[in-house]
Protein chains: 2
Amino acid sequence: MYKVSEFSKMTGLSKETLRYYAEIKLLEPVYIDPRNKYRYYDNGSYLVARLLVYLRKFNFTIQEMLEVVNDESFENLEMLIREKRENLVQEVERIQSIIEEMDEFFELGIGDEEDDPMA
Amino acid sequence: MYKVSEFSKMTGLSKETLRYYAEIKLLEPVYIDPRNKYRYYDNGSYLVARLLVYLRKFNFTIQEMLEVVNDESFENLEMLIREKRENLVQEVERIQSIIEEMDEFFELGIGDEEDDPMA
DNA sequence: TTAAACGATGTGGTGCACCACAAGGTCAAT
DNA sequence: ATTGACCTTGTGGTGCACCACATCGTTTAA
């Protein structure tokens, strides 16, 4: 079993983040020593932590990661990632429409200041 | 000249936002009555406010909008919007690379749980 | 044994861009 | 004059995902 610092180094998640994740029940220690309250994680914790690090790369929010983790057999993992993918596709479209608006803004010619480009 | 509520309705910016914008010197009242501290805005304020609303649509941060507003002749406005456009293009690319990673994830076949897809 | 490293809890803070409530003074219409 | 609308200041809160410091008890290695 791993103590907090070791587990933090293994996973790249800070001690504070681990504490936060335990608090919101995203990733809880598998054992807490009642004498000193030390938190211990195991190899199963490590697998979950690696999954979380991966999902963070996919821009998953905490809430979304909770859905993944609370699905005990991870049978919905693919579906949840597909949903997130759809989110990201829509975000790309949103940004691209902003870019198009900017291009229209440039076409109006900002140099002509007498003409209110924002009308 | 306009008082706060009227100006808020005209611009779509909430009173709290206007207060905040005054505080950070993004959009300050043109006159403050010394007797009661009432804040007044004028038509010039309205033009600036409309510009800010527009830039918010372009995902400009407060700091970026400050750069625009502090450029008194607005001669750099086009340049600043081009920079922001470049930011947004890069953001689109960032998200798209995440989407590609997701697609690779799907190709690995998550159904095969004996194979660690995160290796 | 000692001292440094380690771990815990409690608490407040960060960045970002607002939002909301309380309390008190001023304005405006009746 | 009265009352409701309006404005101000002060203060704390929101959502989000952490981050950091102080204090105190425990563990570890010399």
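Here is how names work: the chains are called A, B, and so on, in the same order as the sequence lines, proteins then strands, and each is numbered from 1.
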For DNA chain C, the residues among [range] that have a non-hydrogen atom under 4.0 Å from it:
range: residues 80-94 of chain A; answer: none
range: residues 1-14 of chain A; answer: A:K3, A:V4, A:S5
range: residues 31-39 of chain A; answer: A:N36, A:K37, A:Y38, A:R39

Which residue lies toward the 5' end of DNA chain C, B:T61 or B:E16, if each is placed at its nearest nucleotide? B:T61

Please work out if B:Y21 contacts a base, only the sugar-phosphate, or nothing of the nucleic acid, heavy-atom cut-off 4.0 Å. sugar-phosphate

May I ask you to say what A:Y40 touches in the nucleic acid, namely base, sugar-phosphate or nothing, with a heavy-atom cut-off under 4.0 Å? nothing

If you define the side chain from C-beta out and look only at heavy atoms, does anything of [X] sit under 4.5 Å from [Y]?
X: B:V92; Y: B:V89; answer: no
X: B:L51; Y: B:L47; answer: no
X: A:R85; Y: A:F58; answer: no
X: A:K84; Y: A:L55; answer: no
X: B:E64; Y: B:L80; answer: no

A:F7 and A:Y41 aromatic centres sub-6.0 Å: yes

Determine, using ring centers only, whether B:Y54 and B:F60 are less than 6.0 Å apart. no

Going by side-chain hydrogen bond (donor to acceptor under 3.5 Å, both in side chains), name the pairs with one or both residues in residues 10-19 of chain B, residues two or more places apart or in two chains. B:S14-B:T17

Check: A:S45 main-chain N/O paired with A:D42 side-chain donor or acceptor under 3.5 Å: yes

Donor-acceptor check, side chain of A:E28 to backbone of A:K25, threshold 3.5 angstrom: yes or no? no

Measure from CZ on A:R19 to C1' on C:dG7 and round the result to the nearest Å. 11 Å

Let me know the distance between CD of A:E23 and C1' of C:dT9, rounded to the nearest Å. 11 Å

Start with the C-alpha distance between B:R94 and A:N59, add both sets of side-chain angles, then the distance that settles side chain to side chain contact (heavy atoms under 4.5 Å, CB included), and finish with yes or no. CA-CA 11 Å; B:R94 188 187 73 85; A:N59 271 19; 3.3 Å; yes

Quick one: which residue pairs count as a ring-ring contact (aromatic ring centres under 6.0 Å, His included) with a foot in residues 14-33 of chain B, not counting sequence neighbours? B:Y31-B:Y40

Quick one: how far along DNA chain D does chain A reach, first to last nucleotide 5' to 3', anything under 4.0 Å to a heavy atom? D:dA17 to D:dT28

Just how far is it from atom CG of A:L18 to atom CG of A:L52, taken to the nearest 0.5 Å? 10.0 Å

